[in-house]
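One structure is given below, encoded as structure tokens.
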Amino acid sequence: MGDRDESQKQAADAKAAVSSAVDADEAPLFFETLVRGSAEELLDAGAHGDLDSMRHSSAHVMAEAVQSIFPGAQLGIGPAIEDGFYYDFLLPRPLTPDDLAAIETGMRASIAADHPFVRNEVSFHEGKELFEKMGQPFKVEILDDLAAKAMAAGTPLPPTTTYRHGTFVDLCKGPHVASTGKIGPFKLMTVAGAYWRGSEKRPMLQRIYGTVWSTQEDLDAYLARLEEAKRRDHRRLGVQLDLFSFHDVSPGSAFWHPKGQRLWRTLETAIREVQDKRGYQEVSTPMLVHKKLWEQSGHWANYQDNMFVMESEGQTFSLKPMNCPLSTFIYKSKLRSYRDLPLRLSDFGRLHRNERSGTLSGLTRVRHFVQDDAHIYLRPDQLQGEIKALLGEVYEVYGWFGLDPKFTFGTRPDKALGAQELWDTAETQIKAALDELGKPYRIKPKDGAFYAPKIDIQIEDALGREWQTATIQVDLVMLPERFDCTYIDENGEAVRPMTIHRAVYGSLERFIGVLTEHFAGAFPVWCAPVQAVVIPIADRHVDGARELEALLKARKLRVEVDASDNRMQNKIRLAQEQKVPYMLVLGDREIEAKTVAIRNRAGEQENGVTWDAFVERLADETAARRP
RNA sequence: GCCGACAUAGCUCAGCGGUAGAGCAGCUGUUUCGUAAACAGCAGGUCCUCGGUUCAAAUCCGAGUGUCGGCUCCA
């Protein structure tokens, strides 16, 4: 089925929100082309408000400082972005942290001088000549593109607008703040490589990211937000909580430790329960699959670079990057009647995708992952009802975590396979299902997959970052046509079913990564790897602790006893660090009365609860799956 | 894949041409304790790998691998 997206965003990434707005898709089955880096986009510095103007102005001031340090520096573009700004430069050598400090110093001097920003408009040709003389080929290229565009549209050449402050002049549409002195507290963050106009075939420039705010408090708050994000980083918490690890013998593939696997299994069990209830049938399909299957599906032609391919006895095989084509073999293993539909086949298959080395990142961008994948074969008249039910599934599941899913409806792109009429019907039904749900949703026109309209589901984590997780894709062509799936209708004729690819968690790996950051490692009681730690105060209380442990384990609750000779205080500290929901302290009083002193991870205390009462309480909380 | 940075004990990190360090964790002993760290001792390293420069390399240089921040890609 489709898959995860790549909007792997760190709050630290000042650019994140911008890029995700552009390409937060989730890799459907065929390529979708995005046109970006057009001349207009390059000129639009994103300055649409006071703060944005200031950010864009900061970019100019930074360019000025860079040029005074590197006189021949060629300028790319320098827009405002969420939380700050950047500017791209072609420089004679790589920048160092010392350079950043020097650039900051230069910027402060310019801000102190309070140069006014002066707008100037000249003819196109004068403008071009100006930037040619200044030795700014990238700016000239932008102007040439604008000219070509005007030519094509039969409109007159646009004038060239520039902004000057002090001696620094830049091609720019504006707007800017009145003068450099209006620029607030700023900080240069990082240097990164960035291709000119986003093309791998063009030169790589050095991009400097900076952040700037109206007040010192805002800047401090932003930096604090970055610190908080770092504290919640799932890669860091994964080590601290002993959930998983990564090793260079298998880059991009997690090794799940016992506690991580326990969490995984809890999530898997929970979604299985939903699937069983909803009439899914679980299947399991091979991981190693002959090339001819991928030729038929189109993956061989279009996705080969992302597949792990191997030879055996003169035959070519690949690790599957998706489950979808495999399910057709089960569908087609016998003649299907219209009475059999919808047929819902779920598959927790292990997928491998050979992602380029530089793109891997923790659990959110991996080479090996598992989706809570399913393929639903249904009659066209069942579509609306099924979509509605699937949206309900998403709501139910996300409710377990207190997550609020956001739906984005992607409609027919220009290049689409399948009859217009089929698309219209599908889109009408999807829209009806969304409307029936009564929750707000976004529509992204032409954002559907090549073969299918789709609903993507995003969630926002505790820091306001958005992640693509679930997806529902209505496949009109790919599985039905390419794999020649049919069912026998009421008239005894073989007709095409529709198919739906769906995943609720998306990839379990990514979902766990997102959950870890959302909860800062303090998972809800129902899915916490360790739900309670029993803490005997002294050795003589260990037997009682084992008794209580047995009671809890008999109910399949996840509990540990800390029988070390640490002091109680230290045992509590360790449990707090592991973010265990309940600490059950047992001393003389408790053993005597068969009670526990409960301390939860918020530090709240409740004494004298009987063992039975606690077992029931924890069992109830676990079954309820409350966030 | 591309640009840049980083890689030292299980973890977090210091050391940056001249005998490998700290805290935590671990082990041993003592301690048996009432809500976020008891005390003492011991052990622990191919300083990522390979090559080079040097009398001498964890330290400088090159290549490789991995990770991180970006870019690109992402059926």
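Letters A, B, ... mirror the listed sequences (proteins, then strands); counts begin at 1.
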message: Given A:E228, which partner from the list A:R232, A:K230, A:R225 fulfils the salt bridge (Lys or Arg N to Asp or Glu O under 4.0 Å) test?
response: A:R232
Rounded to the nearest angstrom, tell me the gap between atom [atom1] in [X] and atom [atom2] in [N].
{"X": "A:R202", "N": "B:U72", "atom1": "CZ", "atom2": "C1'", "value": "14 Å"}
{"X": "A:L91", "N": "B:G4", "atom1": "CG", "atom2": "C1'", "value": "13 Å"}
{"X": "A:D242", "N": "B:U12", "atom1": "CG", "atom2": "P", "value": "13 Å"}
{"X": "A:K571", "N": "B:U32", "atom1": "NZ", "atom2": "P", "value": "14 Å"}
{"X": "A:R365", "N": "B:C71", "atom1": "CZ", "atom2": "P", "value": "12 Å"}
{"X": "A:H257", "N": "B:C11", "atom1": "NE2", "atom2": "C1'", "value": "12 Å"}
{"X": "A:D88", "N": "B:C71", "atom1": "CG", "atom2": "P", "value": "10 Å"}
{"X": "A:K201", "N": "B:C73", "atom1": "NZ", "atom2": "P", "value": "9 Å"}

- prompt: So what does A:A538 hit on the nucleic acid, given a heavy-atom distance under 4.0 Å: a base, only sugar-phosphate, or nothing?
  reply: base
- prompt: Which part of the nucleic acid does A:G362 contact within heavy-atom distance under 4.0 Å: base, sugar-phosphate only, or nothing?
  reply: sugar-phosphate
task: Could you work out the separation of B:C60 and B:A14 based on their P atoms and round it to a whole Å?
output: 14 Å
message: Please report the distance separating the C1' of B:A58 from the corresponding atom of B:A25, rounded so that it comes out in whole Å.
response: 24 Å
field: Plane angle bin for A:H375 and A:H501 - parallel if under 30°, tilted between 30 and 60°, otherwise perpendicular
entry: perpendicular
- prompt: Does a side-chain N or O from A:Y86 land closer than 4.0 Å to OP1 or OP2 of B:G69, or not?
  reply: no
- prompt: Between A:R235 and B:C68, does any side-chain N or O lie under 4.0 Å from OP1 or OP2?
  reply: yes
- prompt: Between A:D447 and A:K454, what is the shortest heavy-atom contact and its length?
  reply: O-CE, 3.2 Å
task: Write down the atom of A:L586, the atom of A:T595, and the distance for their closest heavy-atom approach.
output: CD2-O, 3.3 Å
statement: The residue, A:S199 or A:Q206, whose nearest nucleotide of RNA chain B is more 5′ is A:Q206
- prompt: Which residue, A:A194 or A:H247, contacts RNA chain B at a nucleotide closer to its 5' end, judged by nearest heavy atom?
  reply: A:H247
query: Do A:D248 and B:U65 share a donor-acceptor pair, side chain to base, under 3.5 Å?
result: no
query: Given the side-chain rings of A:H247 and A:F255, with only the six-membered ring counted for Trp, is the space between their centroids under 6.0 Å?
result: yes
field: Which residues share a side chain to side chain contact (heavy atoms under 4.5 Å, CB included) with A:F308, sequence neighbours left out
entry: A:L319, A:H352, A:N354, A:R367
task: Could you encode protein contacts along nucleotides 34-39 of chain B as a string, one character per nucleotide from 5' to 3', using B for base contact, S for sugar-phosphate-only contact and - for no contact, with a heavy-atom cut-off of under 4.0 Å?
output: BBBBB-
- prompt: What nucleotide, of B:U67, B:C33, B:C73, holds the atom closest to the side chain of A:R540?
  reply: B:C33
field: Contacts of type salt bridge (Lys or Arg N to Asp or Glu O under 4.0 Å), residue A:D305, not counting sequence neighbours
entry: none
